[in-house]
Amino acid sequence: MEALTIWEHEILLFIQEHIRAPWLDGIMKAITFLGNGGWFFILLGVLLLLFKKTRKYGFLVLIALAVDFVILNLGLKNLVHRTRPYDQFQDLILLVAKPGDYSFPSGHSGAAFAAACALCFSLPSGKRVWGYLLLALAFLVAFSRLYVGVHFPTDVLGGMAVGTLSALAVAMVYRKRFQKKEASGQA
């Protein structure tokens with residue numbers, strides 16, 4: 001067994017033995033549920049599309065989620081084939097149903113960070129508080145994946161990185177292709 005996996009197992013055991021609490025279990029299950037299939041973040045993007053003032057932000061969130069999904073769920077998970085922690089270590093207790101896909105990277109973390117960072121990178125500075133609030137939720141979603149026992153820490157970090165880079169790429173393309181047109185009134 002590789003040293004990294006053993007180190008990560010120790011972190012998961014620490015969370016299980018020292019942070020988990022009955023009053024917190026339900027909260028963490030609810031937070032992790034927000035990332036199931038990315039539904040919460042997809043819904044947020046769709047809601048933003050409904051209003052003219054927020055339409056472009058909804059579009060950017062949905063595109064960032066799509067880029068993240070392709071890279072993470074269709075690409076990396078199937079290339080890496082990392083086994084889930086509970087399949088490797090019998091002392092880990094799951095708090096949710098076993099996911100049906102591979103462990104690396106975390107899709108929940110990727111979706112949460114793709115949506116949050118898309119807003120953080122695109123909202124005007126006076127309104128970025130909404131992006132920062134969503135970013136705080138993204139960190140909670142990422143931590144919840146460790147808390148419920150379905151991911152190693154590097155799975156979560158990988159998902160965070162892919163989601164952030166997906167949003168950054170979408171924001172950069174948007175700025176290059178569309179912001180100049182919007183400023184001149186052509187969009």
Side-chain angles (χ1 to χ4, degrees), residues 4 8 31-82 99 101-147 150-187:
L4 179 63
E8 292 183 280
I31 290 170
T32 215
F33 174 72
L34 296 176
N36 288 357
W39 75 267
F40 176 82
F41 305 103
I42 294 168
L43 180 62
L44 173 66
V46 170
L47 288 173
L48 291 170
L49 282 176
L50 297 177
F51 305 97
K52 189 173 182 177
K53 287 177 84 170
T54 60
R55 192 164 290 143
K56 71 179 171 188
Y57 306 117
F59 178 73
L60 293 171
V61 164
L62 293 173
I63 296 299
L65 285 168
V67 170
D68 172 74
F69 177 79
V70 168
I71 293 170
L72 196 148
N73 291 80
L74 300 181
L76 289 173
K77 276 189 184 277
N78 294 313
L79 284 173
V80 176
H81 291 130
R82 189 175 195 189
D101 59 354
Y102 294 108
S103 193
F104 181 87
S106 165
H108 284 65
S109 302
F113 274 81
C117 291
L119 285 181
C120 286
F121 296 152
S122 62
L123 284 169
S125 59
K127 298 192 181 203
R128 278 199 196 124
V129 67
W130 297 108
Y132 298 145
L133 289 172
L134 194 60
L135 193 57
L137 178 62
F139 275 104
L140 286 173
V141 168
F143 178 74
S144 76
R145 303 307 284 165
L146 302 174
Y147 187 95
V150 295
H151 280 293
F152 287 110
T154 52
D155 301 338
V156 168
L157 291 172
M160 293 164 68
V162 171
T164 301
L165 292 173
S166 297
L168 183 60
V170 167
M172 288 173 62
V173 169
Y174 167 75
R175 284 187 195 119
K176 271 191 156 183
R177 302 269 309 176
F178 299 105
Q179 264 189 336
K180 289 179 185 175
K181 289 180 184 179
E182 283 179 359
S184 68
Q186 296 175 10

(message) I'd like to check the ring-ring contact (aromatic ring centres under 6.0 Å, His included) partners of F41; sequence neighbours left out, ordered by chain and number.
(response) none

(message) Using 0.5 Å steps for rounding, measure from the CG atom of D101 to the CG atom of L72.
(response) 9.0 Å

(message) Could you report the tightest heavy-atom contact between S122 and A118, atom names first, then the distance?
(response) OG-O, 2.6 Å

(request) Work out which heavy atom in A138 is nearest to a heavy atom in A116; give both atom names and the distance. (result) CB-CB, 4.1 Å

(request) Flag yes if more than 12 heavy atoms outside F59 fall under 6.0 Å of its CZ atom; otherwise flag no. (result) no

(request) Show the numbers, then the answer: is there a side chain to side chain contact (heavy atoms under 4.5 Å, CB included) between W130 and L133? (result) CA-CA 5 Å; W130 297 108; L133 289 172; 4.0 Å; yes

(request) Please round to the nearest 0.5 Å and tell me the distance separating atom CZ of F40 and atom CZ of F33. (result) 11.0 Å

(request) Look up atom CG in L134 and atom SG in C120, then write down how far apart they are to the nearest 0.5 Å. (result) 7.5 Å

(request) Find the distance between NZ (K77) and OG (S103) and round it off to the nearest 0.5 Å. (result) 6.5 Å

(request) Work out which heavy atom in L60 is nearest to a heavy atom in Y174; give both atom names and the distance. (result) CD2-CB, 3.7 Å

(request) Using the side chain to side chain contact (heavy atoms under 4.5 Å, CB included) rule, take V173 and V170 through it: C-alpha gap first, then chi angles, then the decisive distance, then the call. (result) CA-CA 5 Å; V173 169; V170 167; 6.0 Å; no

(request) Would you name the heavy atoms of A114 and A167 that are closest together and state the gap between them? (result) O-CB, 3.4 Å

(message) Treating T54 as the side-chain partner and L48 as the backbone partner, does any N or O pair qualify as donor plus acceptor under 3.5 Å?
(response) yes

(request) Report yes or no: does N78 contribute a side-chain atom to a donor-acceptor pair with the main-chain N or O of L74 at less than 3.5 Å? (result) yes

(request) Give the C-alpha distance, both sets of side-chain angles, the deciding distance and a yes or no for side chain to side chain contact (heavy atoms under 4.5 Å, CB included) between L135 and F113. (result) CA-CA 7 Å; L135 193 57; F113 274 81; 3.7 Å; yes

(request) Locate the shortest heavy-atom distance separating C117 from T164; write the atom from each residue and the value. (result) SG-OG1, 3.6 Å

(request) Would you name the heavy atoms of L123 and R128 that are closest together and state the gap between them? (result) O-NE, 3.0 Å

(message) Among H108, R145, R82, which residue satisfies the side-chain hydrogen bond (donor to acceptor under 3.5 Å, both in side chains) criterion with D155?
(response) R82

